[in-house]
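Throughout, a chain's letter reflects where its sequence line sits, starting with A, and its residues are numbered from 1. Just the heavy atoms: all of them, side chains too, but no hydrogens, waters or symmetry mates, feed the values below.
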Amino acid sequence: MGRDPRDRYCQASVSEHTNVDNSELSGSGLIAEKTRRLALLDEMRDQGRNPYPYRFDRTHTLDEVRSTWGDLEPGAETDARVSVAGRVMRKRDSGKLVFATIRDRSDDIQLFISKAVVGDDEFAAVKALDLGDWVGVEGTMMTTRKGELSVKPERVTLLSKAIRPMPDKWHGLSDVDTRFRQRYADLIINEQARRNFEIRHETVASFRRTLASHGFIEVETPVLHPEVGGAHARPFTTHHNTLDMHLYLRIAVELYLKRLIVGGMERVYEIARTFRNEGISTRHNPEFTMMELYQAFGDWNDVMDITEELITTAAHDALGTTVVSIRGEQVDLAKPWPRKRMIDYASEGAGVALHPSMPLTDVRKIAADHDVFVEDRWGSGKIIEEIFEKTSENDIVRPTFVTGHPVEISPLARVDRNDSFLTERFELFVNGRELANGYSELNDPVEQRARFEEEQAAKDAGDPEAGSLDEDYLRALEYGMPPTGGLGIGIDRLAMLFAGVDSIKEVILFPTLRPEQ
RNA sequence: GCCUCUCUAGCUCAAUGGUAGAGCAGUGGACUUUUAAUCCAUUGGUUCUGGGUUCGAGCCCCAGGGGAGGCACCA
């Protein structure tokens with residue numbers, strides 16, 4: 001003892017883990033339960049068995065087992081040998097026969113464990129298994145009389161002992177606080193949780209395939225930004241010690257990706273964790289994921305096309321259909337999607353024709369007539385957007401491109417070639433939520449400087465969300481950026497749409513929460 | 001930031017202001033075709049925290065904490 005460096009872990013006593021003296025234990029509270037299981041570990045080690053072996057060779061995942069032998073007749077016995085592994089989810093002990101259900105990432109399967117087959121010692125070990133333990137199983141394929149496909153083990157190896165009891169096997173884990181804080185427990189027990197994150201994964205994987213097929217290159221740009229820009233939002237701030245430099249966590253990746261377009265990379269995208277220091281709600285998490293892409297020689301029309309393709313393809317890949325359920329209604333996301341100008345929505349909502357060229361006093365009066373709050377510094381364009389949001393946004397259920405945002409609220413978008421008060425910009429709305437935002441990119445360095453100066457003025461005037469003037473970005477534009485279309489899609493919100501959930505926390509593995517206690 | 005709701009055993013939930021209970025999980029026992037296995041027995045509580053009212057508080061009141069929903073905020 002003492003020579004093996006593992007001793008210090010292996011010999012850790014029950015009381016060390018729980019601060020409870022073994023002899024005083026009774027009952028089955030959490031501490032007692034953990035103590036009981038820790039005692040099983042000691043027992044195993046005394047017998048020379050390792051409750052935490054290093055690896056296990058499996059021949060099949062459980063869905064492979066089911067797809068290969070799923071058609072066996074009831075009562076079938078085979079010589080087909082498999083090695084599978086999974087977590088013990090349920091156990092039914094009927095004396096000399098134990099039925100257990102194990103689960104791996106792909107499926108569940110029943111184990112048909114016979115004392116006569118595995119022998120007395122191993123059978124005793126099987127009886128000592130707790131729900132939640134990981135096991136590796138070597139055995140043959142069979143079905144029960146009732147036809148349940150099962151593995152008949154010749155050997156059952158404990159791969160990892162669970163010290164903590166699992167949530168209720170039938171009712172699962174429903175306390176939302178616990179589900180979000182202990183996502184591992186949520187994933188163990190709740191099928192829906194596993195499904196939501198599979199949908200999210202399939203969505204992102206689909207995006208990557210679609211983008212690759214169009215010649216886009218995936219890039220990674222800085223998370224730590226010396227300037228705030230690319231969006232209208234409050235940033236997180238941080239500090240680099242050695243450089244003694246104030247930094248912001250990025251609120252968008254736009255300005256860096258467009259630098260790459262200047263550099264000649266032509267088609268780039270980033271799946272970017274982004275940070276905004278704002279409120280938390282069912283639609284907002286302080287860190288979230290955006291996919292932004294930029295395509296040289298394209299404009300907003302090209303970008304709307306690829307938006308439709310990305311999302312409809314992802315729906316197919318993640319769900320097998322483009323039909324999703326929204327507000328209890330079946331909605332087909334199949335393209336093409338309607339396109340309608342923001343000023344037309346706002347005009348309909350207000351019952352009066354609206355245009356950002358109108359005098360500010362007139363627009364303010366219309367806003368007041370519709371109980372739309374207006375800040376002093378806002379111009380006609382910003383007010384029109386507010387009127388749109390108040391009167392129309394929530395009613396857009398089916399995918400719709402809202403287009404032609406006023407110049408005032410679009411400092412990085414190019415002016416509409418047919419209307420100098422509007423931009424060639426769109427936002428995609430589904431279920432009343434903004435899912436995507438794109439435009440023909442402003443590439444005139446002189447005009448961009450002027451727009452930045454307006455932003456800076458707003459910031460100086462006290463707007464905490466306004467961007468600042470980014471000299472390096474302007475220098476990049478001075479080298480010449482080709483005509484470019486750009487797009488951002490909110491991955492979390494798209495995953496929400498596909499998964500059919502109403503809270504962003506359902507599609508973020510570890511949402512931001514206050515610390516426990 | 002504001003409003004409403006919520007917090008009881010490891011999990012899911014009960015409990016007129018009057019002895020804190022059930023199911024699952026756990027423990028002991030029976031059972032070689034179960035599948036939310038079943039049957040018998042049984043352990044387990046800082047009722048989120050701190051005050052207060054009351055003869056008596058899980059329950060009523062006040063303050064605080066966590067969470068959820070809504071509003072506000074939010075390109």
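Here ring pair (Phe, Tyr, Trp, His ring centres under 6.0 Å) pairs that include residues 87-122 of chain A, with residues two or more places apart or in two chains, are A/Phe99-A/Phe112. Listed by first and then second residue, the side chain to side chain donor-acceptor pair (under 3.5 Å) pairs that reach into residues 389-408 of chain A are A/His405-A/Glu427, sequence neighbours excluded. Within the structure, side chain to side chain donor-acceptor pair (under 3.5 Å) pairs that include any residue of residues 121-133 of chain A comprise A/Arg36-A/Asp130, A/Asp93-A/Lys127, A/Asp130-A/Lys161, A/Asp133-A/Lys161 (at least two apart or interchain).
Partners of A/Thr178 according to the side-chain contact (heavy atoms from CB on, under 4.5 Å) rule, which considers only residues two or more places apart in sequence or in another chain, are A/Leu173, A/Asp175, A/Gln182. Applying the side-chain contact (heavy atoms from CB on, under 4.5 Å) rule to A/Asp416 yields the partners A/Trp300, A/Asn418, A/Asp419, A/Leu422, A/Glu424; only residues at least two apart in sequence or on another chain are considered. Residues satisfying the side chain to side chain donor-acceptor pair (under 3.5 Å) test with A/Ser94, not counting sequence neighbours, are none. Partners of A/Arg90 by side chain to side chain donor-acceptor pair (under 3.5 Å), not counting sequence neighbours: none found.
Take the nearest nucleotide of RNA chain B for A/Met166 and for A/Asp130: the residue whose nucleotide is more 5' is A/Met166.
Proximity of residues 447-456 of chain A to RNA chain B (heavy atom under 4.0 angstrom from any strand atom) is not detected for any residue. The stretch residues 388-414 of chain A touches RNA chain B through A/Ile409, A/Pro411, each having a heavy atom under 4.0 angstrom from the strand. Listed by residue number, A/Arg90, A/Arg92, A/Asp93, A/Ser94, A/Gly95, A/Lys96, A/Leu97, A/Phe99, A/Gln110, A/Phe112, A/Ser114 are the residues of residues 84-115 of chain A with a heavy-atom contact under 4.0 Å to RNA chain B.
Taking side-chain N and O atoms only, A/Arg181 has a distance below 4.0 Å to OP1 or OP2 of B/G67.
Taking only side-chain atoms of A/Arg36, from C-beta outward, the nucleotide of B/A25, B/U34, B/U27 with the closest atom is B/U27.
A salt bridge is absent between A/Asp63 and A/Arg66; no separation between the charged side-chain nitrogens and carboxylate oxygens falls under 4.0 Å.
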Distances under 3.5 Å only, N/O to N/O: pair up the protein atoms with those of nucleotides 20-24 of chain B.
| unit_1 | atom_1 | unit_2 | atom_2 | d |
| --- | --- | --- | --- | --- |
| B/G23 | N2 | A/Asp168 | OD2 | 2.8 |
| B/C24 | O2 | A/Asp168 | OD2 | 3.4 |

All N/O contacts under 3.5 Å from nucleotides 68-72 of chain B to the protein, with atom names and distances to one decimal?
| unit_1 | atom_1 | unit_2 | atom_2 | d |
| --- | --- | --- | --- | --- |
| B/A68 | OP1 | A/Lys505 | NZ | 3.3 |

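A cation-pi arrangement is present between A/Arg259 and A/Tyr256, with the terminal nitrogen or guanidinium carbon under 6.0 Å from the aromatic centre and inside a 45° cone about the axis.
Counting only distance, with no hydrogens or angles, the side chain of A/Arg179 and the backbone of A/Glu506 share no donor-acceptor pair below 3.5 Å.
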